[in-house]
Amino acid sequence: MTQKGKLIVIEGVDGSGKETQSKKLYQRLKKEGFSVMQISYPRYDKASSEMVKAYLRGDFGDKPQDVSPYIASTFYAMDRYASYKEDYEQFYKAGGIVIADRYTTSNMVHQAGKIQDVKQRKKFLDWLWDYEFHLYGLPIPDLVYFLDIPVTMNQKLMKGRRNKFSGKKKKDIHERDLRYLQRSYKTALSLVDQYHWKRIPCMRAEKLRSIEEIHEEIYEIFINLLRKSD
Ligand SMILES: Nc1ncnc2c1ncn2[C@@H]1O[C@H](COP(=O)(O)OP(=O)(O)O)[C@@H](O)[C@H]1O
Ligand SMILES: Cc1cn([C@H]2C[C@H](O)[C@@H](COP(=O)(O)OP(=O)(O)O)O2)c(=O)[nH]c1=O
C-alpha cells in the first residue's frame, strides 16, 4: 500500500510573497526534521514549460484574453505532469511533504479569471479539476494558502523585478495587464470559500505585515493540519 504524503500549496497573485513564504516554510520544516521538498511552477528551466513561456511572452497574442483559458491551462498542466513524474512522485508516495509555489490552483485563479459568466466559469473549473487531477492523475492538495494582498500593493513589491524566464525588465502578458491581475485577484477571493483555501491577509491597518509574522501564521496552520491527520 502506498502511504500518501502531503501536498501544501502557496497561492497568490504575482508578487504576493509566494516564493518568500514557500522557502521559509520549507526551511523551518526541514530544520525540525520533517521529510520535505519544494517545487515551483512554472518550471522555466525545463523543456516542458516552452509553451508557457511562448504564451507569457505574447507569441500567441499580446493580451491574456487572446488565448482561451482552456488552451492556456493545458500548457501549465503539461509542465506539472512532467514535474510530478520527474521531481516528486516517489517522494510524495513514500509519505514526504511537498511545498508547491503555485499549482493547479494558479490555473483556477488566473485562467478562470478570464471567464466572467458564472455558469461558464463553473464549467471551466469542473473541467480543469477533471483534467489535472483525474486525466493527468496529479495529487490533490491537502492544504492551499492564498496570500491575500491587494493588487496595488503587490505592484509596488514587483517594481523593478526582472522577468523570471527572460531575465529582462519587460513584464509578461499577465503582469502588464493591471485589469487582468485585478480580475484574477477577485476570482481568487471567490475560490477561497468555494474550495476551503486558507486566506492569509498580508496587510493590517493598510500596512504590509512582516514576512516573519505571515510565516508564523502559515506554520501554525500547517502544524494544526498535521495534528488533525494524526
Ligand atoms: N511581507 C512582506 N513584506 C515586505 N516585502 C515582502 C513581503 N513578502 C514578500 N516581500 C518581497 O516582495 C517581493 C516579491 O516577493 P516574492 O516572494 O518573490 O513573490 P512571488 O513569489 O509571489 O512573486 C520580494 O522582493 C520579497 O522579498
Ligand atoms: C503555474 C501557473 C501560473 N499561471 C500564471 C500566473 C502568473 O501570472 C504567470 C507566471 O507565473 P509566475 O512566474 O510564478 O509569476 P510570479 O512569480 O510573478 O507570481 O503564470 C497560470 O495561469 N497557471 C498556472 O498553472
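Counting begins at 1 with the first residue of the sequence. Counting starts at 1 for both ligands and their atoms, in listed order.
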### Task
Below 4.0 angstrom from a heavy atom of K18, which ligand 2 atoms are there? Numbered from 1 as shown, please.
19 (O)
### Task
Give the numbers and elements of all ligand 2 atoms closer than 4.0 Å to a heavy atom of N107.
21 (C), 22 (O), 23 (N), 24 (C), 25 (O)
### Query
Going by atom types only, do Q111 and K114 share a side-chain donor-acceptor pair under 3.5 Å?
yes
## Note on the structure
Of L147, D101, I149, L157, the residue with the heavy atom nearest atom 10 (N) of ligand 1 is L157
### K122 and D126 ion-paired at < 4.0 Å
yes
#### Entry: Ligand-residue contact atoms, ligand 2 with Y41, heavy atoms, under 4.0 Å
1 (C), 14 (O)
### Query
Side chain, backbone, both or neither: which part of Q111 has a heavy atom under 4.0 Å from ligand 2?
side chain
### Message
Checking side-chain polar atoms at under 3.5 Å, does Y185 have a donor or acceptor matched by the opposite partner on N154?
### Response
no
### Contact check: K18 vs ligand 1, nitrogen or oxygen atoms, below 3.5 angstrom
yes
### Query
For atom 23 (O) of ligand 1, what is the nearest protein heavy atom, given as residue, atom name and distance?
R161 NH1, 2.9 Å
### Task
State, without any angle test, whether S40 and E19 hold a side-chain donor-acceptor pair at a distance under 3.5 Å.
no
### Task
For atom 16 (P) of ligand 2, grab the closest protein heavy atom and report residue, atom and distance to one decimal in Å.
R161 NH2, 3.5 Å
### Query
So, is the end of the R28 side chain (NZ or CZ) under 6.0 Å from the ring centre of Y219 and within 45° of the ring's axis?
yes
### Message
Can you tell me which portion of L208 lies within the under-4.0 Å heavy-atom range of ligand 1? Options are side chain, backbone, both, or neither.
### Response
side chain
### Query
Should D101 and K23 count as an ion pair when the cut-off is N to O under 4.0 Å?
no
### Message
Treating Y180 as the side-chain partner and H110 as the backbone partner, does any N or O pair qualify as donor plus acceptor under 3.5 Å?
### Response
yes
### Element-labelled atoms of ligand 2 that are located less than 4.0 Å from some non-hydrogen atom of Y44
10 (C), 11 (O), 12 (P), 13 (O)
### Shortest reach to atom 4 (N) of ligand 2 by a heavy atom, considering only Y180, Y55, Y76
Y76
### Message
Is the contact between R209 and ligand 1 made by the side chain, the backbone, both, or neither, using heavy atoms and a 4.0 Å cut-off?
### Response
backbone
### Message
Salt bridge check, E217 against R209: does any charged N sit closer than 4.0 Å to a carboxylate O?
### Response
yes
### Message
For atom 16 (P) of ligand 1, what's the nearest protein heavy-atom neighbour? Residue, atom name and distance, please.
### Response
T20 OG1, 3.6 Å
### Query
Under 3.5 Å, is there a donor-acceptor pair linking the side chains of R43 and S48?
yes
### Message
So for G12, does at least one of its heavy atoms come nearer than 4.0 angstrom to any atom of ligand 1?
### Response
no
### Query
What protein heavy atom sits nearest atom 8 (N) of ligand 1, and how far away is it?
I211 CG1, 3.8 Å
#### Entry: L56 and ligand 2 - part of the residue with a heavy-atom distance under 4.0 Å
side chain
### Task
Determine, for D14 against R102, whether the closest basic-nitrogen to carboxylate-oxygen distance falls under 4.0 angstrom.
yes
### Query
Is atom 25 (O) of ligand 1 less than 4.0 angstrom from some protein heavy atom?
no
### Query
Quick one: nearest non-hydrogen protein atom to atom 21 (O) of ligand 1, plus distance?
E19 N, 2.8 Å
### Summary
In terms of its nearest heavy atom to atom 19 (O) of ligand 1, the top option of G17, S22, S210 is G17
### Query
Are any of the side-chain nitrogens in D142 or K4 under 4.0 Å away from the carboxylate oxygens of its partner?
yes
### Query
Quick one: does W129's side chain get under 4.5 Å of I140's, heavy atoms only?
yes
### Query
Does at least one non-hydrogen atom of G15 fall below 4.0 angstrom from an atom of ligand 1?
yes
#### Entry: Of the listed options R102, E175, R80, closest to atom 14 (O) of ligand 2 (non-hydrogen atoms)
R102
### Task
Report yes or no: is the cationic atom of R80 (NZ for Lys, CZ for Arg) closer than 6.0 Å to the six-membered ring centre of Y136, at no more than 45° off its axis?
no
### Task
Report the nearest protein non-hydrogen atom to atom 8 (O) of ligand 2: residue, atom name, distance rounded to 0.1 Å.
H174 ND1, 2.7 Å
